[in-house]
Each structure stands twice: as structure tokens, then as C-alpha cells.
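Below is one structure, written out as C-alpha cells; comments come after it.
Predicted model only: the values in this text are computed from it and were never measured. Start at 1 with the first residue, then count along the sequence.
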Amino acid sequence: MRTTRATAAVERLKRRSGNPNYQMILNANSMLYLVLASGGDAAPLVQCEPMPMDAFVQFVDAFGPQIPRRATKNDLAFEAQLTRKKKPE
């Protein structure tokens, strides 16, 4: 099983949070879970049970601080135009 996507998600989490102690564990059933290593101990996070790769990547991307989405002036104008065109049902 290739875990490149999961590894990249954990690296993004480390960058976003500023905490280099997050690690991913792959168990014998090919399930992944996130741990927070402190010193010589790696304790699994309470919110994270072993899960398949796609669910793990979604969990890690939603976990921790989020980077605000960059939007240009044109993006904001387009979103405003879309909200004006919505008609109540």
C-alpha cells in the first residue's frame, strides 16, 4: 500500500501546527492512525482511531489549525455575483 498521500497530509499538518511531533502509524491491517510523539512515547490521539487511507487523509487535513484560503479581488467579486443570482425557493 502506498502511503504517499497520507505522509503528505501529515507533513502539511506539521507545517500548519508548527509541531513536528505528529506521526502516522500503519498497522498490520493497513489502517492508519495519527499519534503525537513526546520524548520516547508515541500516544495515539484520542480523536483518531485506525482508519483507511482516504478517511485518514480527510481527518488529518481537517485536524489542527487551518490556513485561510487566499482569494483575489476577482474571486471575491465572482462569489458576490453568485450570491446575488441565487433565488429563494
Side-chain angles (χ1 to χ4, degrees):
M1 175 168 135
R2 295 186 62 164
T3 57
T4 308
R5 285 182 47 224
T7 304
V10 173
E11 290 301 318
R12 286 191 302 270
L13 174 62
K14 288 178 182 181
R15 227 177 307 120
R16 283 192 324 255
S17 68
N19 187 350
N21 296 328
Y22 285 109
Q23 296 176 356
M24 142 185 104
I25 304 292
L26 175 66
N27 66 13
N29 298 334
S30 297
M31 303 290 268
L32 299 160
Y33 60 97
L34 187 66
V35 296
L36 184 58
S38 58
D41 186 27
L45 297 174
V46 176
Q47 305 95 333
C48 185
E49 69 260 354
M51 57 186 79
M53 185 174 59
D54 292 334
F56 178 78
V57 170
Q58 284 182 333
F59 172 77
V60 172
D61 284 342
F63 189 78
Q66 300 297 311
I67 296 175
R69 183 177 69 93
R70 292 179 61 185
T72 65
K73 184 169 53 171
N74 290 337
D75 292 336
L76 297 175
F78 181 67
E79 287 176 8
Q81 184 180 13
L82 288 176
T83 56
R84 281 196 306 260
K85 288 189 176 187
K86 286 185 182 177
K87 295 180 182 176
E89 295 180 28

Would you say [X] and [Y] make side-chain contact, with heavy atoms under 4.5 Å?
| X | Y | value |
| --- | --- | --- |
| Leu13 | Asn19 | no |
| Met24 | Phe56 | yes |
| Val60 | Arg12 | no |
| Met51 | Phe59 | yes |
| Tyr22 | Leu34 | yes |

With a 3.5 Å distance limit and no angle check, can you tell me whether Arg16 reaches the backbone of Gln66 through a side-chain donor-acceptor pair?
no

Checking Met53 against Val57 for the side-chain contact (heavy atoms from CB on, under 4.5 Å) test, could you report, in this order, the C-alpha distance in whole Å, the side-chain angles of both residues, the deciding distance, and whether it holds?
CA-CA 6 Å; Met53 185 174 59; Val57 170; 4.2 Å; yes

side-chain contact (heavy atoms from CB on, under 4.5 Å) evaluation trace for Gln23 with Val10:
CA-CA 7 Å; Gln23 296 176 356; Val10 173; 5.9 Å; no

Given side-chain contact (heavy atoms from CB on, under 4.5 Å), test Leu26 with Met31 step by step and report yes or no.
CA-CA 6 Å; Leu26 175 66; Met31 303 290 268; over 6 Å; no

Shortest non-hydrogen pair, Ser17 vs Pro65, comes out as CA-CG, 3.8 Å

Minimum heavy-atom separation for Pro20 and Lys14, please, with both atom names.
O-CE, 3.7 Å

Run the salt-bridge test on Glu79 and Arg69 with the 4.0 Å N-O cut-off and return the result as yes or no.
yes

Can we say Asp75 and Arg70 salt-bridge, meaning some charged N sits less than 4.0 Å from an Asp/Glu carboxylate O?
no

